[in-house]
Engineer: 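To start, I am sharing the structure in question, which I have written as structure tokens.
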Amino acid sequence: VQLVESGGGLVQPGGSLRVSCVASGFDFDDYFIGWFRQAPGKERERVSCIADIDGSTYYTDSVKGRFTISTDNAKNTVYLQMSKLQPGDTAVYYCAAGVPPGACVETMFATDAMTYWGEGTLVTVSS
């Protein structure tokens with residue numbers, strides 16, 4: 001099982017960026033996929049998740065209306081489209097796969113629900 005993130009970089013405040021997560025070695029139907037982020041000196045926090053089994057999604061309050069999660073099953077890829085980026089969004093963004101597949105809900109989406117993790121991609125929002 002492997003999760004590989006890409007697409008991070010430097011973006012100005014108010015800008016947009018899309019990060020990607022390519023998954024291999026498992027079936028999307030058996031897991032849900034989540035994005036987390038960790039800023040310097042802070043704990044890793046959940047950002048968004050998606051469950052391919054029923055299409056459900058979750059967003060943490062601070063990114064609602066600005067971030068959109070989606071999947072491309074043909075490419076085994078999960079995307080996180082980020083817009084109206086703020087300096088507070090600066091962090092290493094990680095994707096992870098968790099179980100059960102229907103656990104993309106507020107009460108279950110957490111770091112300890114995730115089985116596999118990628119190495120992360122750095123997003124820096126700065127002028």
Side-chain angles (χ1 to χ4, degrees):
V1 174
Q2 193 173 24
L3 297 165
V4 180
E5 303 95 334
S6 63
L10 175 65
V11 61
Q12 291 188 342
S16 298
L17 198 66
R18 188 180 76 169
V19 290
S20 305
C21 172
V22 179
S24 61
F26 64 93
D27 190 333
F28 269 10
D29 285 346
D30 294 333
Y31 294 84
F32 74 100
I33 304 296
W35 283 97
F36 295 76
R37 65 186 181 186
Q38 188 166 17
K42 294 188 176 181
E43 292 187 355
R44 192 169 298 188
E45 64 172 352
R46 61 185 183 179
V47 176
S48 179
C49 64
I50 188 165
D52 191 62
I53 195 169
D54 61 6
S56 60
T57 59
Y58 166 85
Y59 299 93
T60 196
D61 285 346
S62 62
V63 307
K64 280 181 182 177
R66 300 189 299 122
F67 290 11
T68 302
I69 192 169
S70 62
T71 61
D72 184 337
N73 287 3
K75 298 180 179 180
N76 283 349
T77 301
V78 178
Y79 302 101
L80 187 67
Q81 177 69 48
M82 304 180 289
S83 61
K84 301 178 182 178
L85 284 162
Q86 307 161 359
D89 296 315
T90 295
V92 177
Y93 283 71
Y94 300 90
C95 72
V99 291
C104 178
V105 294
E106 182 176 8
T107 55
M108 298 180 69
F109 177 40
T111 53
D112 58 7
M114 314 312 287
T115 305
Y116 302 111
W117 291 85
E119 295 293 317
T121 186
L122 177 63
V123 173
T124 303
V125 184
S126 175
S127 55

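Both backbone and side-chain heavy atoms feed into the values below; hydrogens, waters and symmetry mates do not. Positions are given from 1, in the same order as the sequence printed here.
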Engineer: With sequence neighbours excluded, tell me which residues meet ring pair (Phe, Tyr, Trp, His ring centres under 6.0 Å) with Tyr94.
Structural biologist: none
Engineer: With a 4.5 Å heavy-atom cut-off, do Met114 and Phe32 have their side chains touching?
Structural biologist: yes
Engineer: Quick one: are Val1 and Trp117 in side-chain contact, heavy atoms under 4.5 Å?
Structural biologist: no
Engineer: Is there a continuous path of hydrophobic side-chain contacts, each under 4.5 Å between heavy atoms, that joins Ile33 to Val19?
Structural biologist: yes
Engineer: For the atom pair CG (Leu10) and OG (Ser127), what is the distance rounded to the nearest 0.5 Å?
Structural biologist: 9.5 Å
Engineer: Could you pull out all residues at least two apart from Tyr116 that satisfy ring pair (Phe, Tyr, Trp, His ring centres under 6.0 Å)?
Structural biologist: Tyr31
Engineer: When rounded to the nearest 0.5 angstrom, what is the spacing between CD in Gln81 and OG in Ser48?
Structural biologist: 12.0 Å
Engineer: Any side-chain to backbone donor/acceptor pair from Thr57 onto Ile50? Under 3.5 Å, distance only.
Structural biologist: no
Engineer: Let me see the working for Val63 and Arg37 under side chain to side chain contact (heavy atoms under 4.5 Å, CB included), right down to the final yes or no.
Structural biologist: CA-CA 12 Å; Val63 307; Arg37 65 186 181 186; 4.1 Å; yes
Engineer: Are Val92 and Met82 in one and the same hydrophobic cluster, where Ile, Leu, Val, Met, Phe, Trp and Tyr link if side-chain heavy atoms are under 4.5 Å apart?
Structural biologist: no
Engineer: How about Glu119 and Gln2: do any of their side-chain heavy atoms sit closer than 4.5 Å?
Structural biologist: no
Engineer: With rounding to the nearest 0.5 Å, note down the distance linking OG1 in Thr90 to NZ in Lys42.
Structural biologist: 10.0 Å
Engineer: With side chains defined as the heavy atoms from C-beta onward, is the minimum distance between Pro101 and Asp30 less than 4.5 Å?
Structural biologist: no
Engineer: Search all heavy atoms of Pro13 against all heavy atoms of Ser126 and return the closest pair with its distance.
Structural biologist: CD-C, 3.6 Å
Engineer: Please report the interatomic distance OH(Tyr79) to CD1(Ile69), rounded to the nearest 0.5 Å.
Structural biologist: 12.5 Å
Engineer: Got Glu45 and Thr60 here, is their nearest side-chain heavy-atom distance under 4.5 Å?
Structural biologist: no
Engineer: Taking a hydrophobic cluster as the set of Ile, Leu, Val, Met, Phe, Trp and Tyr residues connected by side-chain heavy atoms closer than 4.5 Å, whether directly or through intermediates, do Tyr59 and Leu85 fall within one such cluster?
Structural biologist: yes
Engineer: Rounded to the nearest 0.5 Å, what's the gap from CD on Glu43 to OG1 on Thr111? Could you check?
Structural biologist: 8.5 Å
Engineer: Measure the spacing between SG of Cys21 and OH of Tyr93 and express it to the nearest 0.5 Å.
Structural biologist: 14.5 Å
Engineer: Would you confirm whether Ser83, through its side chain, and Arg66, through its main-chain N or O, come within 3.5 Å as a donor-acceptor pair?
Structural biologist: yes
Engineer: Would you say Val123 and Val78 are hydrophobically clustered, going by side-chain heavy atoms of ILVMFWY under 4.5 Å?
Structural biologist: yes
Engineer: Would you mind reporting whether Glu5 and Trp35 have side-chain heavy atoms less than 4.5 Å apart?
Structural biologist: yes
Engineer: Within 45° of the axis and under 6.0 Å from the centre of the six-membered ring of Phe36, does NZ or CZ of Arg44 qualify?
Structural biologist: no
